[in-house]
Asks: 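I'd like to ask you about the structure that follows.
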There are 2 protein chains.
Amino acid sequence: MPLSRQLSSSRIRDDGRGIPDATVARLPIYHRVLRSLADDAVHTISSDHLAQRCGVSPAKLRKDLSHLGSYGTRGVGYEVDFLSYHISRELGLSQPWGVVIVGVGNLGHALVSYKGFASRGFEIVGLLDSHPDVVGEKVCAGETDLVVQPMAELEKVVSSSNASIAVIATPADAAQKVCDRLVAAGVRSILNFAPTVLSVPVGVEVRKVDLAVELQILAFHEQRRVDDLTPLAQVMQA
Amino acid sequence: MPLSRQLSSSRIRDDGRGIPDATVARLPIYHRVLRSLADDAVHTISSDHLAQRCGVSPAKLRKDLSHLGSYGTRGVGYEVDFLSYHISRELGLSQPWGVVIVGVGNLGHALVSYKGFASRGFEIVGLLDSHPDVVGEKVCAGETDLVVQPMAELEKVVSSSNASIAVIATPADAAQKVCDRLVAAGVRSILNFAPTVLSVPVGVEVRKVDLAVELQILAFHEQRRVDDLTPLAQVMQA
DNA sequence: AAGCATTTGTGCCTTCGTGCACAAAGTTGA
DNA sequence: TCAACTTTGTGCACGAAGGCACAAATGCTT
């Protein structure tokens with residue numbers, strides 16, 4: 001029996017959820033812009049206009065949205081609230097997600113105070129840190145306050161809060177151990193801010209955000225730009 | 001004469017210039033792992049082993065490195081220091097880059113205290129904020145202390161420090177104005193943490209890091225996983 | 001010196017992502 | 001009602017990216 005195909009991320013029916021990864025990565029942008037438009041009392045918007053606000057090409061936007069279904073009206077455009085609802089539904093924002101943050105340094109504090117979580121269905125249900133000075137600190141997270149728990153409580157916090165997403169904001173040398181404990185506790189989705197490569201078993205998804213990597217990519221293009229200013233060297237060598 | 005191709009000459013710039021974006025995005029990872037290996041006194045490493053540490057496939061690693069030139073030895077592997085040097089050179093890490101950070105909230109503080117900048121040639125040369133309580137604050141950045149400047153000093157700070165990269169860590173509603181002023185002051189590379197789409201003229205590169213977007217992508221896959229647990233319902237309804 | 005073991009570098013093929021262009025579908029106005 | 005206009009949804013073609021497999025090149029051993 002070909003069971004292996006079930007594990008593949010590719011779906012056969014386009015009617016279902018065969019949404020390309022590149023599209024999924026852009027849906028949150030579309031959703032955010034649509035919410036902003038709704039706040040400005042905009043009812044309908046064309047793909048050209050919406051695409052410009054999202055920083056993508058109109059054709060790409062239309063193809064992305066076509067993967068969700070035909071939610072536009074030809075000759076008119078898309079109804080903002082209607083499209084926003086369907087995107088949020090597809091992204092799973094209609095149900096709440098519990099998030100545990102491990103590591104409450106400057107970055108952890110920034111994450112807790114970030115306003116964009118609660119409005120998109122994410123609720124911070126646990127804060128963990130190993131440093132004695134931080135443990136016990138009361139942190140204002142949205143409407144409710146949270147107390148930073150010691151690292152020993154990790155398994156208990158994850159299981160009791162039924163958190164499904166974890167954020168690692170620890171130093172690099174602690175990240176892998178934290179990751180292993182999170183996975184053992186049942187977490188299958190991890191957002192990693194520590195500058196290290198995490199190894200996880202299959203079935204666990206890790207996304208990484210690396211500040212230094214982003215800067216180095218910028219530096220590469222910046223240097224290439226500088227090199228292009230000296231085309232004489234190339235002519236001389238030829 | 002067939003000038004189009006010259007083999008075995010890694011110094012030909014035409015070959016080194018066309019590095020795919022996907023490769024450039026992985027080079028910082030390779031570099032970081034190589035530096036770590038060097039600290040552990042590892043002299044040579046094979047592509048299989050290095051690939052495993054970097055979380056990529058060996059074939060991909062070799063193809064990535066082949067874009068830089070032939071820096072490996074068949075039958076042996078890659079010399080750690082040698083390869084590390086060539087990657088850092090290609091990324092432009094051999095020369096220092098001045099970085100200005102706009103917005104010194106929790107996230108800004110986290111960026112300033114991040115250790116990975118100085119070791120990769122990035123030096124924070126300016127801190128800017130609009131809030132009176134933050135302006136004037138002395139922040140410890142690596143070896144030297146920096147004082148947060150008021151936003152009015154933006155143009156002066158950028159031009160006097162000759163910064164080429166800027167980081168926007170402000171709230172979303174201030175980001176576009178800050179971006180415009182940075183571009184007008186001569187900045188051509190911007191790392192944007194604000195959850196908004198920035199519009200810039202051609203020739204300016206913007207990379208964005210959006211925390212909520214990353215969480216929403218995780219939530220999408222998490223939801224898909226939950227939906228896959230109930231395939232019977234779909235079959236029954238069909 | 002010669003053969004064996006090991007590892008790199010790369011050609012080929014498949015898959016994924018993007019842009020173009022246009023038919024289909026809906027609205028507006030007379 | 002019908003024609004002109006607007007906008008969506010999509011087929012197609014092209015380029016980028018990834019994986020496989022193997023020839024070329026190097027070290028080691030006899």
Side-chain angles (χ1 to χ4, degrees), chain A residues 4-5 8-15 17-27 29-30 34 42-80 82-83 86-87 217, chain B residues 4-12 14-27 29-30 34 37 42-80 82-83 86-87 90 217:
Chain A
S4 59
R5 259 182 41 172
S8 165
S9 63
S10 64
R11 280 299 191 99
I12 300 165
R13 293 199 317 176
D14 196 39
D15 192 298
R17 293 177 186 78
I19 302 181
D21 289 342
T23 296
V24 173
R26 284 186 292 265
L27 287 181
I29 307 290
Y30 303 155
L34 285 169
V42 177
H43 284 90
T44 61
I45 190 170
S46 68
S47 65
D48 279 47
H49 200 186
L50 181 57
Q52 190 178 8
R53 295 214 179 202
C54 296
V56 300
S57 71
K60 199 191 291 188
L61 173 68
R62 288 201 299 272
K63 187 161 288 186
D64 282 343
L65 296 182
S66 73
H67 289 289
L68 310 183
S70 291
Y71 295 137
T73 305
R74 302 182 188 217
V76 178
Y78 299 92
E79 194 193 344
V80 172
F82 188 65
L83 183 58
H86 279 288
I87 292 179
I217 295 172
Chain B
S4 58
R5 257 258 176 118
Q6 293 201 13
L7 301 178
S8 75
S9 181
S10 59
R11 292 190 58 220
I12 296 298
D14 191 277
D15 196 39
R17 194 56 70 91
I19 301 181
D21 289 342
T23 295
V24 173
R26 285 186 293 266
L27 288 181
I29 308 290
Y30 303 156
L34 286 169
L37 287 168
V42 177
H43 283 90
T44 61
I45 190 170
S46 68
S47 65
D48 278 49
H49 200 186
L50 181 58
Q52 191 179 6
R53 297 215 179 201
C54 296
V56 300
S57 73
K60 199 192 291 187
L61 173 68
R62 288 200 298 273
K63 188 164 288 187
D64 282 343
L65 297 182
S66 74
H67 289 289
L68 310 183
S70 291
Y71 295 136
T73 305
R74 303 183 187 216
V76 177
Y78 299 91
E79 195 193 343
V80 172
F82 189 64
L83 183 58
H86 279 288
I87 292 178
E90 197 68 44
I217 295 172

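Per chain, numbering begins at 1; letters A, B, ... match sequence-line order.
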Asks: Taking the side chain as every heavy atom from C-beta outward, state whether A:Leu68 and A:Leu27 have any atom pair closer than 4.5 Å.
Replies: yes

Asks: Just the rounded figure in Å: distance from C1' of D:dT8 to CZ of A:Phe82.
Replies: 14 Å

Asks: Among D:dA17, C:dG9, C:dG17, which is the nearest nucleotide to the side chain of B:Ser66?
Replies: C:dG9

Asks: Taking only the side-chain nitrogens and oxygens of A:Tyr78, find out if one of them lies under 4.0 Å from OP1 or OP2 of D:dG9.
Replies: yes

Asks: Can you find a heavy atom in the side chain of B:Pro20 that is under 4.5 Å from one in the side chain of B:His67?
Replies: yes

Asks: Using whole Å, what does the distance between atom P of nucleotide D:dA25 and atom CZ of B:Arg74 come to?
Replies: 6 Å

Asks: Please report the distance, rounded to the nearest Å, between CG in B:Leu61 and P in D:dC20.
Replies: 15 Å

Asks: By nearest atom, which of the nucleotides C:dT7, C:dT10, D:dT8 is closest to the B:Ser46 side chain?
Replies: C:dT7

Asks: Does D:dG19 have OP1 or OP2 under 4.0 Å away from a side-chain N or O of B:Ser57?
Replies: yes

Asks: Send over the distance from A:Leu50 CG to D:dT7 P, rounded to a whole Å.
Replies: 13 Å

Asks: Would you say the ring centroid of B:Tyr71 lies under 6.0 angstrom from that of B:Tyr78?
Replies: no

Asks: Roughly, in whole Å, what's the span from NE2 in A:His49 to P in D:dT8?
Replies: 12 Å

Asks: Going by modelled atom types, is there a donor-acceptor pair between the base of C:dG19 and the side chain of A:Lys63 at under 3.5 Å?
Replies: yes

Asks: To the nearest angstrom, how far is A:His43 atom NE2 from C:dT27 atom P?
Replies: 17 Å

Asks: Hey, are the side chains of A:Glu79 and A:Thr73 touching, using non-hydrogen atoms and a 4.5 Å cut-off?
Replies: no

Asks: Rounded to the nearest Å, what distance is computed from the NZ atom of residue B:Lys60 to the P atom of nucleotide C:dT8?
Replies: 17 Å

Asks: Can you tell me if A:Arg26 touches the phosphate of C:dT18, counting only side-chain N or O atoms and a distance under 4.0 Å to OP1 or OP2?
Replies: yes

Asks: Examine D:dT8: is either OP1 or OP2 under 4.0 Å from a nitrogen or oxygen in the side chain of A:Ser47? Give yes or no.
Replies: yes

Asks: Between B:Ile45 and A:Asp64, which residue's closest nucleotide on DNA chain C lies nearer the 5′ terminus?
Replies: B:Ile45

Asks: Is any side-chain heavy atom of A:Val80 closer than 4.5 Å to a side-chain heavy atom of A:Leu50?
Replies: no

Asks: To the nearest Å, how far apart are B:Glu79 CD and C:dT7 P?
Replies: 17 Å

